[in-house]
A.B. asks: 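One structure, pasted below without further comment.
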Amino acid sequence: MSSDGRYKALKGMQDILPPDIYIWQKVENAAREIFSSYGFKEIRPPVVESTDIFVRSIGENTDIVEKEMYTFNDKAERSITLRPEGTASVVRCYVENHLYNLPSPQKYYYSGPMFRYERPQSGRFRQFYQIGVESFGSPHPAMDADIISMLRHFLLRLGLKEVKFQVNSIGCERCRPDYKESLLAFFSDRLGNLCPDCRRRYGINPLRILDCKVERCIEMRADAPRITDSLCHDCRTHFDRLLSLLGILKVEYIVNPDMVRGLDYYTRTTFEVTSESLGSQNAVAAGGRYDRLVKEFGGPETPAIGFAVGMERIVELLKKSVRHEYPAPNLFIANIGDPAGKKSILIADELRNKGLWIELGDNETSLKSQMRRADKLSAEYVFIIGDDEINSGKLKWKRLSDSTNGEISLSEISSFFINK
RNA sequence: GUGGGCGUAGCUCAAUGGUCAGAGUACUAGACUGUGGCUCUAGGUGUUGGGGGUUCGAGUCCCCUCGCCCACCCCA
């Protein structure tokens with residue numbers, strides 16, 4: 001409640017706690033595993049960069065740059081920005097470290113927090129986490145297919161099947177301007193019928209009219225020219241070969257010519273994975289090709305492609321669709337009396353060194369309350385040690401799931417878990 | 001930035017403008033003095049988000065403010 005303390009996390013920023021954290025770790029582990037098997041290596045660029053890095057790459061007139069960046073001046077009055085996305089940093093890193101001198105293609109993944117100053121809503125936060133991948137050096141549609149299929153495997157590994165793959169090609173610097181022109185021409189005498197937002201879009205980014213949600217605009221654009229019909233020969237060939245490879249890989253996708261991305265740097269292939277069950281912010285992952293960005297950052301002409309997945313949204317889907325098992329102690333040691341307490345601490349020490357999760361009961365409290373705690377922790381086994389056990393040299397064990405129990409000699413403890 | 005909804009115990013929620021703001025759940029302990037779950041009993045917390053106003057009287061009505069949620073914009 002808001003009356004609780006005076007100190008609260010900032011708007012749009014949240015603590016990630018157990019048990020949720022186990023789902024996060026599951027996602028991170030799956031990413032590491034799958035991405036490694038495709039030859040992607042982790043890199044960790046800083047979270048803060050010089051502001052112009054984002055302005056240059058994302059685009060001066062994008063919403064991200066115009067109103068969503070966390071931008072500050074540092075003590076030397078340099079403008080710095082908390083990264084709103086990962087690709088710009090990775091490209092800067094690629095160029096700065098001359099990674100283009102390494103054998104091509106170079107493939108990297110990263111994960112961590114991103115920051116955008118937006119009004120929070122379902123699935124949208126001011127600090128949010130992405131895992132992303134970037135592949136540098138390959139212009140071939142096979143790389144596009146590889147990346148999309150890797151994303152699919154990653155989602156499948158997590159057990160997420162109810163997602164939609166949408167792909168599109170937005171052309172290149174040769175064919176897109178022509179398309180933009182024909183789009184402007186098409187809408188020019190229909191402007192009055194578009195919603196106010198779209199009238200604004202007409203001037204700033206007419207492609208955005210294509211994914212407007214207003215019914216009237218959807219009708220209005222039914223006969224609008226399609227980017228996929230306006231691609232130049234090379235872009236067309238690239239796209240066709242990608243689609244054919246996706247077919248061979250049995251990726252179920254839909255071509256969505258209305259899919260538009262909010263960052264300026266994309267060329268040719270763009271794609272997005274969405275889920276019905278997420279509410280209005282339904283993109284789980286998105287990416288595309290950006291063949292000119294490395295050059296713009298001062299590197300050699302280097303085609304590249306990547307994507308980013310939204311951690312919070314993946315985790316949300318997992319919470320809804322998959323049953324989770326949370327880790328529990330292997331053993332709880334209930335102990336009564338001073339000699340038993342000392343013995344218990346030794347046993348715990350020894351078993352923890354074998355990598356087991358051991359919880360030690362509070363010697364000062366009753367056996368009953370120690371048992372209750374073992375139960376609440378969902379410990380697999382309980383050891384019971386008191387004066388009797390110290391004297392006889394045998395302790396009692398119990399498996400909580402079915403109450404089976406027995407005795408074991410204190411000298412054989414280290415082998416207790418071997419056959420379990 | 002724009003619009004809508006909601007703020008009562010740790011959590012989920014009750015309380016016609018009228019006594020001292022309650023219940024379930026969770027937590028801790030006991031009943032069972034060395035064996036968890038089930039049952040019963042006991043225990044504690046609220047500046048009713050905050051501030052102001054109307055009223056004999058405000059959790060309830062009005063205004064302001066803060067926070068959260070949802071949607072638009074946009075995006076992961």
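All chains are named by letter (A, B, ...) in the order of the sequence lines, taking the proteins before the strands, and each is independently numbered beginning at 1.
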A.B. asks: Let me know the distance between CG of A:Asp197 and P of B:C73, rounded to the nearest Å.
C.D. replies: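 Going from CG in A:Asp197 over to P in B:C73 covers 6 Å.
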A.B. asks: If we ignore hydrogens and angles and just use 3.5 Å, is the side chain of A:Asp74 paired with the main-chain N or O of A:Glu77 as donor and acceptor?
C.D. replies: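 Yes, A:Asp74 side chain to A:Glu77 backbone: donor-acceptor pair under 3.5 Å.
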A.B. asks: Taking the six-membered ring for Trp and the single ring otherwise, decide whether the centroids of A:Phe136 and A:Tyr94 are under 6.0 Å apart.
C.D. replies: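 Yes, close enough.
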A.B. asks: Counting only side-chain nitrogens and oxygens, does A:Lys8 get under 4.0 Å of the OP1 or OP2 atom of B:G50?
C.D. replies: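 For B:G50, OP1/OP2 do not have a side-chain N/O of A:Lys8 under 4.0 Å.
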A.B. asks: Taking B:A71 as the reference, what is the distance to B:U60 when you measure between their C1' atoms (whole Å, please)?
C.D. replies: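 Going atom to atom, C1' in each nucleotide, I get 29 Å.
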A.B. asks: Ignoring hydrogens and geometry beyond distance, is the side chain of A:Arg124 in donor-acceptor contact with the base of B:C73 at under 3.5 Å?
C.D. replies: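 Yes, the side chain and the base share a sub-3.5 Å donor-acceptor pair.
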A.B. asks: If we ignore angles and hydrogens, is there a donor and acceptor under 3.5 Å between the side chains of A:Tyr179 and A:Glu181?
C.D. replies: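 Per modelled atom types, A:Tyr179 and A:Glu181 side chains form no pair under 3.5 Å.
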A.B. asks: Using the C1' atom as the point on both nucleotides, what is the distance between B:A58 and B:U41, in whole Å?
C.D. replies: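 About 37 Å, rounded to a whole number of Å.
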A.B. asks: When rounded to the nearest Å, what value does the distance between P atoms of B:A31 and B:G24 take?
C.D. replies: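 Going atom to atom, P in each nucleotide, I get 23 Å.
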A.B. asks: I want to check one thing: is the phosphate of B:G30, taken as OP1 and OP2, less than 4.0 Å away from some side-chain N or O of A:Lys368?
C.D. replies: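 False: A:Lys368 side-chain N/O out of range (4.0 Å or more) of B:G30 OP1/OP2.
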A.B. asks: Between the side-chain atoms of A:Glu66 and the base atoms of B:C74, is any donor-acceptor pair under 3.5 Å?
C.D. replies: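 Result: no qualifying N/O pair found.
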A.B. asks: Between A:Phe154 and A:Phe35, is the ring centroid distance below 6.0 Å?
C.D. replies: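 That pair passes the under 6.0 Å test.
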A.B. asks: Does A:Glu389 make a side-chain donor-acceptor contact with the base of B:G34, cut-off 3.5 Å?
C.D. replies: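 Yes.
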A.B. asks: Quick one: A:Asn335 CG to B:U35 P, roughly how many Å, whole number?
C.D. replies: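 For the pair A:Asn335 CG and B:U35 P, the rounded distance is 15 Å.
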A.B. asks: Please report, rounded to the nearest Å, how far the P atom of B:C69 is from the CD atom of A:Gln121.
C.D. replies: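 Value for this atom pair: 10 Å.
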A.B. asks: What is the separation between atom CE on A:Met114 and atom C1' on B:A76, rounded to the nearest whole Å?
C.D. replies: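 Distance, rounded to whole Å: 9 Å.
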A.B. asks: Quick one: is A:Arg201 getting a side-chain N or O under 4.0 Å of the B:C73 phosphate, OP1 or OP2?
C.D. replies: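 Looking at the OP1 and OP2 atoms of B:C73, one of them is under 4.0 Å from a side-chain N or O of A:Arg201.
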A.B. asks: If you only use heavy atoms from C-beta on, which nucleotide in B:G34, B:U35, B:C73 is closest to the side chain of A:Ile336?
C.D. replies: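 Closest nucleotide among those given: B:G34.
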A.B. asks: For A:Ser369, answer base if it contacts any base atom (sugar-phosphate contacts may also be present), sugar-phosphate if it contacts only those atoms, and nothing otherwise; contact means non-hydrogen atoms under 4.0 Å.
C.D. replies: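 Sugar-phosphate contact only.
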A.B. asks: Does B:A76 have a Watson-Crick or wobble partner in any strand here, with both distances under 3.5 angstrom, and which is it?
C.D. replies: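 Matched B:A76 with nothing under the 3.5 Å cut-off.
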A.B. asks: Is there a donor N/O on one and an acceptor N/O on the other, under 3.5 Å, for the side chain of A:Lys398 and the base of B:U35?
C.D. replies: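 Yes.
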A.B. asks: Could you tell me the separation between the NZ atom of A:Lys180 and the CD1 atom of A:Ile227, rounded to the nearest 0.5 Å?
C.D. replies: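 Going from NZ on A:Lys180 over to CD1 on A:Ile227, the span is 10.0 Å.
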